[in-house]
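Owing to the predicted nature of the structure, the values given are computational and were not obtained by experimental measurement. Counting from 1, the numbers follow the sequence of the chain as shown.
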Amino acid sequence: MSMKEDIKLLRINYLRGPNVWTYRPVLEVWLDLGELEDFPTNLIPGFTDRISLALPALIEHHCGVGERGGFLQRLVEGTWAGHVLEHVVIELLNLSGMPTGFGQTRSTSTRGVYRMVFRARDEQVARSALTEGLALLMATINSLPFDVTAAVARLRDKLDDCYLGPSTAAIVAAATDRQIPHIRLNDGNLVQLGHGARQRRIWTAETDMTSAIAEGIARDKDLTKTLLKACGVPVPEGRAVKDGESAWEAAQELGLPVVVKPSDGNHGRGVTLDLKTRVDVMAAFELADAHGSEVLVERYIPGNEHRLLVVGGRLVAAARGEVAWVIGDGQHSVAQLIDSQINSDPRRGLTEDFPLNRINALEDEVILLDLERQGLDIHAVPAAGRQVLIQRNGNVSIDCTDEVHPEVAHAVTLAARVIGLDIAGIDVVAEDISRPLQEQNGAIVEVNAGPGLLMHLKPASGSPQPVGKAIIDHLFAEHETGRIPIVGVAGSRGTHTIARLVAWLLHLNGRHVGLACRDGLYLGTRRVEHKNSARWEAAHRLLMNRGIDAVVIENNAASILRDGLSYDRCLVGVVTDMGGLEDLADHDVNNEDQLFKVLRTQIDVVLSDGVAVINAAEPLLVDMSDLCDGEVLLYAVDGQNQALVEHRANGGRAVFLQGGAAVLAQGQSETAGANVEALLQRFASSGMTAGAEIDAATVVAAVATAWALNISPELISAGMDTFVPTLQGSVPA
């Protein structure tokens, strides 16, 4: 078969919020298969065998068949290259460490052109996976070589560069389990949990409750020890020294062996243990002096190193370290033995994904000093059977949470409180963590702010601990979700006026309101941006604003197709009409059935305790009622609308117009509402009717939305009476 030309990528679009495909961010790719439209997989000789050889785990893809091997069955029967690309990209993401289960491929109205989407937690990683996947697919189609291992390695590198670290990802995953939304605030690990005024922030394992003073104290090991000792927490005796001679003097006074370490170092850098001679102490001083502003000499505490994690005053996880040794064989050097006996452990690696670090002895002066004290260097060949100490610390990864004695737990939680840290990693040296420290001369040797969580999430042995959940439970009370009321208004006619009216009513109800609509971006009644703000970026900024406790956001079908919604869920979702088809041809949306699938996104995201506000005068929109997780409130100008009448008969809420005023009805109960006619007259007299696209249906929709927010009928009426029509783009002061 002749060589096939590459599939053309016509458009790549990152949908950052809920969209027509799914609730979660996806990468949407428009593909032109070209000549491959005439060559489904069953017409490409040997293709299924070649792709299965390149990606053996494709057998696990169920696809539409719904069982293991389903996708391979589709390949044998014949499926098109766009569908294959979807599965290839998903499998590459799986192999790179970003598990992905969602993908879809659909034809468009143009022959040979498809829309393919897949779950994309990070846009840059997703784009890289697309590039690698397309190259792999075309090489397989054309029976050319392709290095899958190298492609996966490149994706792993991109993942390490771009995505959240494992500790942060674990906290975010725990937040998602609690239905708490999150927003990534930088390219690193600064993450907002929740929205607006109810948000909390984390930066890996530090939170917005972590005191800067406490963090400064924790960095100063001598000050930390002084404060802990004053409160009765067991710490090793020691003192700060100025030079090697004073270090040796301090060692003799404290009693050998001793530990020499920098006062403000971290991750064990510059720390040398179990020193017994003047030469060793002097050498250790020089090493520590290069890593910190001051050097400490402390009494050596025998035993294993432990890391205990305290969150919100409670011990939530503990891990034990083990000393790293090699056994000589009389043939290989220490460096070679480290690689073959230690670094060969699959649990060791260079990234945070591995519970244990690879040992690079040539760059670790503490290891070189320990070897020197044993009469060896890195190139020496130890005798067969000789045990050589390589590393005393840095291997804390054996879960021992269930072994910690209550007295030890009390000591570490007290230590965290004394320093003032809400999250702390407490380093404890003890021979047996299941006994009180005083019984075995154990001690707390360090308190760390922003501790790593990986040793608890992926211990080298033992059970993983739910530390992400512990941090989320610390930040949010049991029933808190960090959410503020969000109102999403979708449609094409008068939606900006509805948004303005609702924002005004929320303002009168005592809320600090953010509003993003065609007329601009507003904080309260102050316009801070004059351009069209009915777009993802503007709305997203409101959700990040800590001064806002309610948000109203105007959407339309085009913005949903272009970016997705700016919020994951909303308290109230409004859909006004089925207009605007003429503006959607570029998105291949050409009929009302397709438009319905776009606009339903707004109803799909209504919370279970929220409300969908739907125009009963649009029969297709009424069909959306069944899609809502929460309550449905119908509105119409005509109170005799059949859908509205049936809804009331079933006890539902409805709003309609009667005698120039809005009526708020639940079942057969009716309450007089706002004077709609008077508001329309004031708009007309101000010359604003055309610009505001305001009519009776618009005002009734706003009244219905306010009632869905549980704003009282009296306040709704007063708010409509006091809403002052102003020049287009402004709101009443």
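For Arg24, the CZ atom sits in a loose shell: 12 or fewer heavy atoms of surrounding residues, nucleotides or ligands are nearer than 6.0 Å. The number of heavy atoms from other shown groups lying within 6.0 Å of CD (Glu35) is above 12. The number of heavy atoms from other shown groups lying within 6.0 Å of CG (Asn186) is above 12.
Side-chain atoms of Thr601 come within 3.5 Å of backbone atoms of Val598 as a donor-acceptor pair (strictly under, hydrogens ignored). Glu206 contributes no side-chain N or O that, together with a main-chain N or O of Ala449, makes up a donor-acceptor pair within less than 3.5 Å. In this structure, Gln374 contributes its side chain and Asp370 its backbone to a donor-acceptor pair below 3.5 Å. Judged by distance alone, the side chain of Trp536 and the main-chain N or O of Leu565 form a donor-acceptor pair under 3.5 Å. A distance-only check finds a donor-acceptor pair linking the side chain of Ser340 to the backbone of Gln336 [under 3.5 Å]. Under a 3.5 Å cut-off, the side chain of His182 and the backbone N or O of Ile180 do not form any donor-acceptor pair. Checked by atom type and distance alone, the side chain of Gln594 pairs as donor or acceptor with a backbone atom of Asn591 at under 3.5 Å. Between the side chain of Asp122 and the backbone N or O of Ala120 there is no donor-acceptor pair closer than 3.5 Å. Using modelled atom types, no side-chain atom of Gln341 and backbone atom of Leu337 make a donor-acceptor pair closer than 3.5 Å. Arg50 contributes a side-chain N or O that, together with a main-chain N or O of Thr140, makes up a donor-acceptor pair within less than 3.5 Å.
The minimum heavy-atom distance linking Leu309 with Val467 is given by the pair CD2-CG1, 3.5 Å. Thr48 approaches Ile51 most closely through the heavy-atom pair O-CG2, 3.4 Å. Closest non-hydrogen pair, Pro99 versus Arg121, comes out as O-NH1, 2.6 Å. Minimum interatomic distance between His61 and Asn94 (heavy atoms only, all atoms of both residues): NE2-ND2, 4.2 Å. Between Asn13 and Leu561, the shortest heavy-atom contact is ND2-O, 3.4 Å. For Ile367 against Ala361, the heavy-atom pair with the smallest separation is CG2-CB, 3.9 Å.
Side chain to side chain, Asp588 and Ser109 meet the donor-acceptor criterion of an N or O pair below 3.5 Å. Side chains of Glu37 and Tyr114: a donor on one and an acceptor on the other come within 3.5 Å.
Residues Arg347 and Ser397 have side chains not in contact (no heavy-atom distance under 4.5 Å, counting atoms from C-beta outward). At a threshold of 4.5 Å between non-hydrogen side-chain atoms, the residues Ile171 and Leu453 count as touching. Residues Ile471 and Arg200 form no side-chain contact, since every pair of their non-hydrogen atoms from C-beta on lies 4.5 Å or further apart. Side-chain contact between Arg184 and Val172 is absent, with no heavy atoms from C-beta onward closer than 4.5 Å. The shortest distance between side-chain heavy atoms of Phe146 and Glu132 falls below 4.5 Å. Between Phe39 and Ile141, the closest side-chain pair of non-hydrogen atoms is not below 4.5 Å. Between Val113 and Arg11 there is no side-chain heavy-atom pair separated by less than 4.5 Å. At a threshold of 4.5 Å between non-hydrogen side-chain atoms, the residues Arg569 and Pro181 do not count as touching.
Expressed to the nearest 0.5 Å, how far OG1 of Thr105 lies from CZ of Arg115 amounts to 11.0 Å. Going from atom CG of Asn343 over to atom CZ of Arg348 covers 6.5 Å, rounded to the nearest 0.5 Å. Expressed to the nearest 0.5 Å, how far CD of Glu446 lies from CG of Asp427 amounts to 5.0 Å. Between the OG atom in Ser167 and the NE2 atom in His456 there is a gap of 9.0 Å [rounded to 0.5 Å]. In this structure, CD on Gln391 lies 8.0 Å from CG on Asn357, to the nearest 0.5 angstrom. Between the CG atom of Leu584 and the CG atom of Asn556 there is a distance of 8.0 Å, given to the nearest 0.5 Å.
Taking the six-membered ring for Trp and thresholds of 30 and 60 degrees, His83 and Phe71 have ring planes more than 60 degrees apart, a perpendicular arrangement.
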Are Tyr23 and Asp568 close enough, and set up right, to give a side-chain contact (heavy atoms from CB on, under 4.5 Å), and what steps lead you there?
CA-CA 7 Å; Tyr23 286 101; Asp568 66 326; over 6 Å; no

Can Thr131 and Leu134 be said to form a side-chain contact (heavy atoms from CB on, under 4.5 Å), step by step?
CA-CA 5 Å; Thr131 299; Leu134 181 58; over 6 Å; no

From CA spacing to verdict: side-chain contact (heavy atoms from CB on, under 4.5 Å), His540, Arg16:
CA-CA 10 Å; His540 210 235; Arg16 296 173 281 185; over 6 Å; no

For Phe47 and Val84: C-alpha separation, side-chain torsions, deciding distance, then whether side-chain contact (heavy atoms from CB on, under 4.5 Å) applies.
CA-CA 11 Å; Phe47 175 80; Val84 181; 3.7 Å; yes

Would Asp38 and Lys4 count as a salt bridge (Lys or Arg N to Asp or Glu O under 4.0 Å) if you check the C-alpha gap in whole Å, the side-chain angles of each, and the deciding distance to 0.1 Å?
CA-CA 11 Å; Asp38 298 317; Lys4 303 301 179 190; over 6 Å; no

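A salt bridge links Glu123 to Arg127: at least one charged side-chain nitrogen sits closer than 4.0 Å to a carboxylate oxygen. The pair Asp604-Lys597 does not meet the salt-bridge criterion, since no charged nitrogen lies less than 4.0 angstrom from a carboxylate oxygen. We find that Arg106 and Glu28 are not joined by a salt bridge, their nearest charged nitrogen and carboxylate oxygen being 4.0 Å or further apart.
Shown are Val89, Val26, Thr22; of these, the side-chain contact (heavy atoms from CB on, under 4.5 Å) with Phe118 is made only by Val89. Test Ile423, Thr207, Ile472, Leu475 against Val311 for side-chain contact (heavy atoms from CB on, under 4.5 Å) and you get one pass: Ile423. Of the listed residues (Val334, Val366, Asp377), just one forms a side-chain contact (heavy atoms from CB on, under 4.5 Å) with Leu371, and that residue is Val334.
When the side chain to side chain donor-acceptor pair (under 3.5 Å) test is applied to Asp473, the partners found at least two apart in sequence or on another chain are Arg178, Lys469. Remark: His587 pairs with no residue by the side chain to side chain donor-acceptor pair (under 3.5 Å) rule, at least two apart or across chains.
Sorted by first and then second residue, the salt bridge (charged side-chain N to carboxylate O under 4.0 Å, His left out) pairs involving residues 63-72 (not counting sequence neighbours) are Glu60-Arg68.
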